[in-house]
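In what follows, a structure is listed as structure tokens, so that the remarks can point back to it.
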Amino acid sequence: MPAELDRFRTVRSHTEELAAPLSPEDQVVQSMPDCSPTKWHRAHTTWFFEEFVLSRWGAPYEPVDPRFRYLFNSYYEAVGPRQPRPRRGMISRPSVEEIAAYRQAVDDRVAELLEDADDPDLLATVELGCHHEQQHQELLLMDAKHLLWQNPYRPAYAERAGTGDHPTPKPVEWITHDGGLVEIGYDGEGFSFDNEGPRHKVHLQPFALADRLVTAGEWLDFIADDGYRRPELWLSDGWAHINAEGWDCPLYWDQVDGVWHVFSLSGLQPVDPAEPVVHISYYEADAFARWSGARLPLESEWEVIADGQGPPTPTFGLHPASAAPESQPGQAAQLFGAVWQWTASPYTPYPTFSPAAGAVGEYNGKFMVDQQVLRGSASITSDGHARASYRNFFPTKARWAFSGLRLARDV
Ligand SMILES: [Fe+2]
């Protein structure tokens, strides 16, 4: 099956390309309980193929190292006990070189298996493994950014490609929708995650969605207007949290000689007012929306507008581009390839959703509580993960993901 094999090899080698700028020392460190070391991402994505593909279809299969099942299982209860997530940074052994050898050994075995594979279950599981690894490619960059930012040197992961002009974004135009009975959820031919379906009907009130993202310049206005100091703008939990944490700006923002700077994967740079604001929590997005006289969109509102716009063409970047949107009238810009957009929708199962049987069923379903859905995709999101039905999700306080916002309002 050369097509599947090609895709597998492409995904696997791209992970290694993304890890390459990080030194062995960088790759071992864990900057906070939610982040994982680069080395762990490289090993865990390998373990996924070992556990869910080779142990089932590669029989008789001898694991590369039986201890890796404990070290590199993420959260699969059906697989067994595992290294606690906050202690992944303690795994100083095996070394980065040993993880590279682990990857190679598993790649060889999976490639062998794919040479003449025609079992649809096997091919579907390899495809899931590839999409899983692509999600971890984004996590690898998110987590590396958080790590590098902790270092007082503020080291860059890589130089930023030319950033071009920074035109001032035009005022928001509102894309209106009459509401009524609509359908959301994936029902296409290609790959999707289980949480994107089943497709189902939703009733919407008339609404309007902003045709572009909220910018860093608008966020500076929010700060200047005491947005972080006015309790009436905040949900109770959010107000308590920003005060407990001392938050008064997005994550990675800092004043240098009185000028706001932002840390990116390319190091510290002045905040560009034209770029989308990024690294804000749900609480901050919600407070900003209230300050603006607007609200956050429902995920169904976001999807209905995005679904009507044809296939996305996101571009990769270490930091969201400052492009002023050049959308056609009635079209939304920056839906994909800039920042994940917080929605007002809690992450819960769609009607009639049921997870797959077995350990793979733990992939999404068991996390469907106490988190909010984000839509779109970020500049660091892997190819093939930009689609209207994609549901990302994070806890309300999280802001190390590339999270921003787009406004909505009632009509
Ligand atoms: Fe994973």
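Remember, it's 1-based here, ligands and their atoms both numbered in the order they're listed. These numbers come from a predicted model, not from an experiment. The first residue of the sequence shown is numbered 1, and numbering continues consecutively from there. Quick note: numbers below take in every heavy atom, side chains included, and nothing from hydrogens, waters or symmetry partners.
- Checked against the 6.0 Å centroid criterion, the rings of Y283 and W239 do not qualify as a close aromatic pair.
- Of the candidates Y186, F353, Y350, Y350 is the only one forming a ring pair (Phe, Tyr, Trp, His ring centres under 6.0 Å) with H200.
- Here the protein contributes H44 NE2, H132 NE2, H136 NE2 as N, O or S atoms under 2.8 Å from the Fe ion (ligand 1).
- The pair R7-E127 meets the salt-bridge criterion, since a charged nitrogen lies less than 4.0 angstrom from a carboxylate oxygen.
- For the ring-ring contact (aromatic ring centres under 6.0 Å, His included) condition, the pairs that include at least one residue of residues 357-377, sequence neighbours left out, are Y75-F367, H132-Y363, F193-Y363.
- The two residues A19 and R42 have their closest heavy-atom pair at CB-CD, 3.7 Å.
- Residues K397 and E245 are not paired through a salt bridge, judged by the lack of any N-O separation under 4.0 Å between the basic side chain and the carboxylate.
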